[in-house]
There are 2 protein chains.
Amino acid sequence: MVGIEEVAALAGVSTATVSRALRGKDHVSAKAQAKVEDAARELGYVASSSAATLATGRTQNIGVVLPYIDRWFFSVILEAIETELIDHGYDLTLYNLSGGEKQRKKIFDELLLRKRVDGVLAIAVNPTEAELANLNRMHKPIVGIGGPVKGARSITMDDVAAGKLATEHLLSLGHTRIGMIGGLPNADEEFGQPGLRYYGYAEAMKEAGLTINENWVAECDFTIPGAYVVAKQLFTDLRNSPSAVFCASDEMAFGAIMAAKDLGLEVPKDLSVVGIDDHNLSEFYGLSTIAQKPAEQGRAAVKTLLDILALPNAEDHDNVEEKKEWPVKLVVRASTAKFAKR
Amino acid sequence: MVGIEEVAALAGVSTATVSRALRGKDHVSAKAQAKVEDAARELGYVASSSAATLATGRTQNIGVVLPYIDRWFFSVILEAIETELIDHGYDLTLYNLSGGEKQRKKIFDELLLRKRVDGVLAIAVNPTEAELANLNRMHKPIVGIGGPVKGARSITMDDVAAGKLATEHLLSLGHTRIGMIGGLPNADEEFGQPGLRYYGYAEAMKEAGLTINENWVAECDFTIPGAYVVAKQLFTDLRNSPSAVFCASDEMAFGAIMAAKDLGLEVPKDLSVVGIDDHNLSEFYGLSTIAQKPAEQGRAAVKTLLDILALPNAEDHDNVEEKKEWPVKLVVRASTAKFAKR
DNA sequence: CTGAAAGCGCTTACAG
DNA sequence: CTGAAAGCGCTTACAG
């Protein structure tokens, strides 16, 4: 395990000069620079990050907290964040909240605070007041994605607007018998996104002067199989069923499309389907959807966080509430079409 | 930022006693223990991990290296590993290799060696000799999953056996016109799994005295859309097409099933399909497949790695080649049936 | 069982 | 531009 002393000895300079040369912060004579670089290379020297952290107070490490990994939105965003952090010389420590309350407590009360990370990225995780207070006490900035974080910065799309935009697309095509698959307002997700998307749907329907048929609104667990089952229920009576369905996620839309197919309904001739996400399989399914570009959201969040960390004063690292709205776009493909009697 | 000194002062003991009480390693009198715990709680003290690492040489952190996150196998295994590590008091630092050669070099030559991790878990990543030599120099154990690691321990299923088992299942049902979708032997994946699975298929066919029809073997990128396209090609001439297809992954099997459906073929009446993985959607698709249980593989790898790290002598941390075969099981569902003329 | 003190390996203000 | 030295905040062998 070669240390800085050995490099200094081989290069014939002090450890201070080695440190300066290798970090490239202070000026070092070209000659010393070269000697140090040669020595470091020859010995295969890599600085110990714990020693550097202890001396500087910076870990060059970001904690990422999320509730799932094995879901499209999360895995895409995680991959983008990781690449972006590495590019900026940061490591990523992963904290998955799937382990329940006890694990969450451990993560927020111990791990994140063990001076292990310089900042936190919270993906669809809403810290409690106490959790945030702890972070503030340590001057650890946190940036949220996938939902607004109370008392801190976040980047998130407007779920109500997304639901409304999707529904209005169906309305614009002449549909009036519009169902919805997704979460109802009381769903206990971290931010109630499912509910928010429902509100957008309800708002659009109301503005169009239409009433919602409650038999055509189905709660669902955001999975393909779940939506498949639920979608079939919407069509128990083909003489009285929706001509269009808004699904609160693309995966549910895939399930709905498959269910329709298996019932002998043609999409979009007999049924229009629109989702939210722009999943990487949406093009394959020809799904019209609301794109939310998670990879770009992730990169933007990394930039926000690193910009804060670049500020020299610790007070500037304090968390302040600041919502940045992420733009949302309708992508029209083959799963939606003008209403036609079937 | 409260440190150990403040806790010691409040508890009226030395920092040595605080450390001992909080780590629970050496014996401490019940009275001192209580005083320290109270003081630590009152101050919200959490030890600095960089200081602890510097003093002990242990980071309590494991580096996980993988080529993708946004793929079923990888996200499932990652989630399982993370939970298991947290349970054992370890953090997980994520290194995704999707950033190309330069990023890989940075990861293996700098990040992993910055004394940041105690050990490495490599998922479907095969370190080069030089990369492994670096790890060995630092006495960092590495355990591989999803492919054998040359010169180190690994847990991996036998891809040839899996391909053979899947093909034999089709043979046992009376099929002789068996196609395959997946990688050909020359595919440049890290370990050539695609090729290995093909060899299993070829071996089974040969042992059954059958020759392979090259028009029925299609290379594919392991995605659903890719397999959909390729599967349709297998059925350009329905009078002369396979009655069964072995797909080297479940996602490709899903694509094949959809393609068959869209062509008006019934699965399994007109076409039997078998995959490899036991993807979480396989039950939904009724897919017969070879289960490889990535979450369990991940947990087993964590156990192997932590067991090594628990050995007190640094030499015991050295890497030795040791392949542990992961058992594989055929799961029969609704996508395979006895051969029948169509 | 407990404390004083050395030491882990860096970084950086200070002095030159 | 460079070096000697203090200091970051823990842990642990040593002595008592």
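By convention in this document, chain letters (A, B, ...) are assigned in the order of the sequence lines, proteins followed by strands, and residues within each chain are numbered from 1.
At a threshold of 4.5 Å between non-hydrogen side-chain atoms, the residues B:Asn61 and B:Tyr90 do not count as touching. Side chains of A:Val125 and A:Arg104 form a contact here, defined as non-hydrogen atoms less than 4.5 Å apart.
With hydrogens and angles disregarded, no donor-acceptor distance shorter than 3.5 Å links the side chain of B:Glu82 to the backbone of B:Glu79.
For the C1' atoms, the distance from C:dT12 to C:dG16 is 16 Å, rounded to whole Å.
In this structure, A:Arg20 reaches the bases: a heavy-atom distance under 4.0 Å links it to at least one base atom across the strands shown.
Judged by the 6.0 Å distance and 45° axis criteria, B:Arg71 is positioned over the aromatic ring of B:Tyr68.
Residues A:Thr156 and A:Ser154 bring no donor and acceptor atom of their side chains to less than 3.5 Å of each other. For the residue pair A:Thr93/B:Asp91, the side-chain donor-acceptor check at 3.5 Å is not satisfied.
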Legend entry - Pairing annotation in dot-bracket form, given for DNA chain C with Watson-Crick or G-U pairs under 3.5 Å and | for cross-strand partners: |||.||||||||.|||

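Of all non-hydrogen atoms in A:Ile86 and B:Gln103, the two that sit nearest each other are CG2-CG, 3.6 Å.
Comment: B:Lys150 does not engage B:Glu129 in a salt bridge, judged by the lack of any side-chain N to carboxylate O separation of less than 4.0 angstrom.
Note that the first and last nucleotides of DNA chain C, 5' to 3', having any atom under 4.0 angstrom from a heavy atom of chain A are C:dG9 to C:dA13.
Nearer the 5' end of DNA chain D, as judged by each residue's closest nucleotide, is the contact made by A:Ala16, out of A:Leu54 and A:Ala16.
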